[in-house]
Amino acid sequence: MPQVIVLGAGILGLAGAYHILSQRPNLNLVVIDRLPGPGRGNTARSAAAYRDLFSSPLNRALSQGAIAFYEKTQQEGTALGLQRLGYLWLLSSEQVQKNQTVLDSLTAAGINCELLEPSRLARLLPGLKLGDIAGGLWGRNCGILNPNLLCRFYAARVREKGGEFIYNAAVTGFITDSRGHISGVKVENRVIAAETVVVATGAWMGATLKLAGLEAPVMPRKRQLFAVAAGAGALNRLLHTPGFNAHGLLPLTILPGGAYLRPAPGAFIMGYANPDQPPGLEDNPKADEEFFLKRLRPLVAPYFPAFRETTPQYAWAGHYADHPADSLPFVDWLGGALVVGGASGSGIMKADSLGRIVAGLYCGQDRVELGQGRPFRVQDLALSGRDLAPEGLII
Ligand SMILES: Cc1cc2nc3c(=O)[nH]c(=O)nc-3n(C[C@H](O)[C@H](O)[C@H](O)COP(=O)(O)OP(=O)(O)OC[C@H]3O[C@@H](n4cnc5c(N)ncnc54)[C@H](O)[C@@H]3O)c2cc1C
């Protein structure tokens, strides 16, 4: 019988499994997923960008810790596709005024960022039509990574530490002990009992915990991404904008209406977290080209006219898993299981920190050390009794 079952081989389950095994090397731990390999759920559908530009000190601590760990891992020789391209948050004058306190707080918190004047933006980005843009928040300690490489890194380390994986195994129910606490899972006709079950099923957490008669504090919401080829003309010049980073690429760029451009090899990945998207989980979510043409492109083309006639080469969709109480993640005990989730659109950039907190809670610790060396109170991500400052910088 395994001592720990981690249900879900997405980035949060993998980081949790890795840090539990790092603290308890001889533990018998099994990761279970219904898909055929690690990180094939929403982790694979992500834009996989990272930033430390957060107004919430908690968000900052989580992302800075994870970024520090990913950078160290890559420097030590494991390629994670990490590219520090920076974030460029283009803001209208109304947004600059509304967010002045947040902008001041970033500098006060030591975030490596700067507000670029329109004249400087015009020099750096000849293809940009400034319109109502009054400034560009340039975050230097931000970028993109490859979520597949990150998942493979954690999965390999879990195996090295003796952890096992069961793939193609859908959990269809739970077993409980005499106190009604979750004490194992049902996979088809098999029952696998364990001392502890960690539930890391992301956007499916509601459906998963319902099997145990529990309500999950997670609201799934569909999100779509569209890849537009850069070709050889103006879009290619925009993609290869010099002056922002060592890669000679455009930073991840967010426009005043909320649409964003994420550089990729020979292409832009374009997204827009539509606030009108109703919550809900789709079985096999697909991106809708109409959404690109009618909602996303009209937010981009007025600023970057080179996108005026573009259509996506390919597109995909997934789900954010939002924690409705405050849109910040949680790590806690629920029905006897250890649950981790609610990471919304920033689970990859916080995964290593959340994994450490999962391990800390499992091991009964009050505090854990995050990747940047900062202590973090495990209780701060509990489901109840928390009063966390809401995030002001949401894409
Ligand atoms: C379009 C989009 C863009 C995003 N962009 C970013 C970004 O730029 N930066 C960032 O940090 N984050 C981003 N995110 C968010 C990020 O992808 C998530 O926060 C993160 O992947 C969540 O990881 P997870 O492990 O909780 O979930 P998942 O990766 O979805 O893993 C959950 C796993 O549970 C398994 N599972 C579920 N139910 C069962 C069951 N009954 N039995 C067995 N297995 C089960 C699934 O198969 C899945 O593998 C984005 C998300 C989307 C959709």
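Only a predicted model underlies this, so the values are computations on that prediction, with no experimental measurement involved. Numbering of ligands and ligand atoms starts at 1, following listing order.
In terms of protein heavy-atom proximity, atom 44 (N) of ligand 1 is closest to R34 N, 3.2 Å. Scanning the protein heavy atoms around atom 41 (N) of ligand 1, the nearest turns out to be V171 O, 3.1 Å. The protein heavy-atom contact nearest to atom 30 (O) of ligand 1 is N42 N, 2.9 Å. The protein heavy-atom contact nearest to atom 8 (O) of ligand 1 is A49 N, 2.9 Å. Distance from atom 36 (N) of ligand 1 to its nearest protein heavy atom, with residue and atom name: T201 CG2, 3.8 Å. At the top of the distance list for atom 25 (O) of ligand 1, counting protein heavy atoms only, stands L12 N, 3.0 Å. From the protein, the heavy atom lying nearest to atom 21 (O) of ligand 1 is T43 OG1, 2.9 Å. Among protein heavy atoms, the minimum distance from atom 5 (N) of ligand 1 is reached at A47 N, 3.1 Å.
When non-hydrogen atoms are compared, ligand 1 lies under 4.0 Å from the backbone of M349 as well as from its side chain. Of the heavy atoms in R40, none comes closer than 4.0 Å to ligand 1.
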Decide yes or no on side-chain contact (heavy atoms from CB on, under 4.5 Å) for M270 and V300, but give the supporting numbers first.
CA-CA 9 Å; M270 298 169 65; V300 177; 3.9 Å; yes
Take D352 and Y18 through the test side-chain hydrogen bond (donor to acceptor under 3.5 Å, both in side chains) and record every step on the way to the result.
CA-CA 9 Å; D352 188 74; Y18 167 75; over 6 Å; no
Would you sort out whether L90 and L128 count as a side-chain contact (heavy atoms from CB on, under 4.5 Å), showing the intermediate values?
CA-CA 11 Å; L90 298 172; L128 173 69; 4.2 Å; yes
Verdict with reasoning, K350 to N59, per side-chain hydrogen bond (donor to acceptor under 3.5 Å, both in side chains):
CA-CA 8 Å; K350 295 174 187 160; N59 270 341; 2.7 Å; yes
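For atom 15 (C) of ligand 1, the candidate residues are S46, A351, S344, G10; the nearest heavy-atom contact is made by S344. Residue nearest to atom 12 (N) of ligand 1, selected from G345, G37, A170, S63: G345 (by heavy-atom distance). Which of T172, I269, D33, D322 comes nearest to atom 48 (C) of ligand 1 through a heavy atom is settled by distance: it is D33.
Atom-to-atom distance recorded for S105:OG and L393:CG is 7.5 Å, nearest 0.5 angstrom.
F69 and F153 have tilted rings, their planes meeting at an angle from 30° to 60° on a 0 to 90° scale.
Taking the centre of each ring, F307 and F268 come in below the 6.0 Å mark.
A donor-acceptor pair under 3.5 Å is absent between the side-chain atoms of R60 and the main chain of D52, judged by distance alone.
A cation-pi arrangement, defined by a distance under 6.0 Å to the six-membered ring centre and an angle within 45 degrees of its axis, is absent between R51 and W89.
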